[in-house]
Amino acid sequence: MRNNQHIHLLSESVTNKIAAGEVVERPASVLKELMENCVDAGADQIDVEVTGGGRRSILVSDNGSGMSADDALMSIQRYATSKIKDVDDIECIKTMGFRGEALAAISSVSRFRLVSRTADTESGTEIVVSQGKVQSVESVGAPIGTSIQVRNLFFNVPARRKFMRTEKTEFSHIRQKFLVYALAYPEIGMTLRADERSVYTLSSGDSMENRLLEIYGDSLRGALRQMQFESNGIRVNGYVALPQVARSDRSDQYVFVNHRPAIAPVIAYAIREGFRTMMSRDRHPVLFLFIEMDPAMVDVNVHPTKREVRFRRSQQLRDAIIGAIRTALQASSDPTDYVAGEGVSREQSFSFENRGGIKIDDMQPTRVFSYPRMPMLDEGSNRGAELRQEERNVGDGDEQSDNMPWSQCRVLGQVGGLFVVLETEDGIVLMDPHAAHERVMFEKFMGQVLSGKVQSQGLLAPETIDMSPENALIVRKNEQILGEMGFGVSSFGGDSFIVDAVPSCLGKVSIAEVVENLAKAAERGGKTSSAEHANEERIAMAACKAAVKAGDILNLDEIERLVMDLAGSRMPYTCPHGRPTIIFMSFKELQKKFGRLT
Ligand code: ADP
Ligand code: MG
């Protein structure tokens, strides 16, 4: 150390720069702070323009309250805020901001220009700041509201500038951030322009569903299910997409707690649990989750950028999220009812309309039968959404579930020695009969298990099996639960067991195979779930997999039965392990692919 060893207070321009390191990480964090201020100012229109991925310039304009000349000058001071007065206010924050740090930090590491005008005055105020120093204050003509431009972010902090990525990467963060607020506030009109090009134009006064369709267009149409759930004073609303549109990362998961974008381990866990038996571990559901709860139960003060939050009643929150997801994805509203649909009927008179004018003469037509409609996901068509709307209109309050109306179907044959090809009036369906069978059997079996009415069938000749020590351990650990689920297994000394009964809905399932599947799942599984009935589900999944493997050759009757059962099941789209059961391609999509439709 040199001679100058006295302790001294850092100058404000230095502390602001240090604070900037916490608040401002990259151009997208500037956008976040500016957009939050617009929301807090009560704007109903926010316009964003960036150049160079936000590295060169970010301009955010709103039509909110605006600021007087004095307030505008105050706003760029550190710890200057209009949003809280003392520390108790932090307990029940309703605004996005409250620290009064953002503008001070941003203006100290950029070339900053603020123009603002309130409804009370004729002219606005323009303040130009560079490196935290006010360069000029002028009275200018301006619309009511505020517009802030941030140019050359980090131009005076080389260490930070180095960490910014390419314009393309920074822009993708900007876009992502913009979408977060576009989803949190569908009622606010928003535009995003990048390098003079319009990226999003979102109208004001949108409903949530409209906003989602404006942003995602056809790619999610027909796939979204609404969530509306409340328990213990926690409300969970929003939309969740059917499992087959899952993504390979979490980029299309948006979670808001009291309108504030939030992440928390308990939420991630609950989402995973909500999709258990519907999605494999490497896939991530698409969902837009709006959680509302008493602000006093949420601690948002954990992190300077306020994204990670803590909850006081995290178990109840977890249950509410799981409940919301499951209820929305199920065809009926009873979440404990696992039983596959009954009472489907057959109808032979329908004939498929001739679409292209070509008839192949000696094709053997197969019979047509009815099955309850499952909502089909068809990218690029809005038929699904319209249909459901119609259904609601004809619903008339009587018991019409989402599975209605009935629709027609016929089995065309089998390809690849496995897949079943079906024609419906809307398109073709490829079905994996193994996966479909697993799903149907799983729901039937779980239905019996949960209602405590497992039908067990005694074996004429009880079987003795010798297990590996590891597998024997699994059996011993699960002996009671296996018994409750209809397996008659008892120890026969050492690692040998006697099996004298199996659940009758599983047919000729081999217990050794079931245990083998359990062992494999445990090996892959990692964390075990603590959710209710998780053990039963695990065993049922292993058992159904084993049962289907032992399964037989299907005849036409059995395939038709399977199609009807699948259509009537709660979660028809995936097997319990998350693999798809059906792939659907609409005639419209086929026409597009053949260039008949543009
Ligand atoms: P905070 O949002 O935590 O209060 P900021 O530094 O982001 O801190 O903003 C400081 C203050 O400037 C705000 O409390 C608000 O009074 C005012 N302000 C900032 N942006 C706007 C805006 N777009 N419209 C109206 N007032 C604004
Ligand atoms: Mg703020």
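Start at 1 and go down the list; that is how both ligands and their atoms are numbered.
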request  = Please state whether the rings of Phe256 and Phe290 are parallel, tilted or perpendicular, taking 30° and 60° as the class boundaries.
outcome  = parallel

ask   = Taking NZ, NE, NH1 and NH2 as the nitrogens, is one of them in Lys592 or Glu589 under 4.0 Å from a carboxylate oxygen of the other?
value = no

Distance-only N or O hit between ligand 1 and Ile148, under 3.5 Å = no

inquiry  = If I apply the N/O under 3.5 Å rule, does Asp40 come out as touching ligand 1?
reply    = no

message = With a heavy-atom distance limit of 4.0 Å, tell me whether Leu103 approaches ligand 1 through its side chain, its backbone, both, or neither.
response = both

task = Please indicate whether Arg165 has more than 12 foreign heavy atoms, meaning atoms of other residues, nucleotides or ligands, lying under 6.0 Å from its CZ.
result = no

query = Within the structure, does Asp62 bring an N/O atom to less than 3.5 angstrom of an N/O atom in ligand 1?
reply = yes

message = Out of all atoms in ligand 1, which are within 4.0 Å of some heavy atom of Ala102? Include the element for each.
response = 6 (O), 7 (O)

key: Test log, rule side-chain hydrogen bond (donor to acceptor under 3.5 Å, both in side chains), inputs Ser139 and Ser123   = CA-CA 6 Å; Ser139 169; Ser123 62; 3.1 Å; yes

Phe288 and Tyr239 aromatic centres sub-6.0 Å = no

ask   = With a 4.0 Å cut-off on heavy atoms, does Glu33 reach ligand 1?
value = no

query = Hey, is ligand 1 close enough to Ser65 that some N/O pair sits below 3.5 Å?
reply = no

inquiry  = Using a 4.0 Å cut-off to any heavy atom of Ala41, which atoms of ligand 1 qualify?
reply    = 24 (N), 25 (C)

request  = Before accepting this row, confirm whether a basic side-chain N of the pair Arg211/Glu187 lies closer than 4.0 Å to the acidic partner's carboxylate O.
outcome  = no

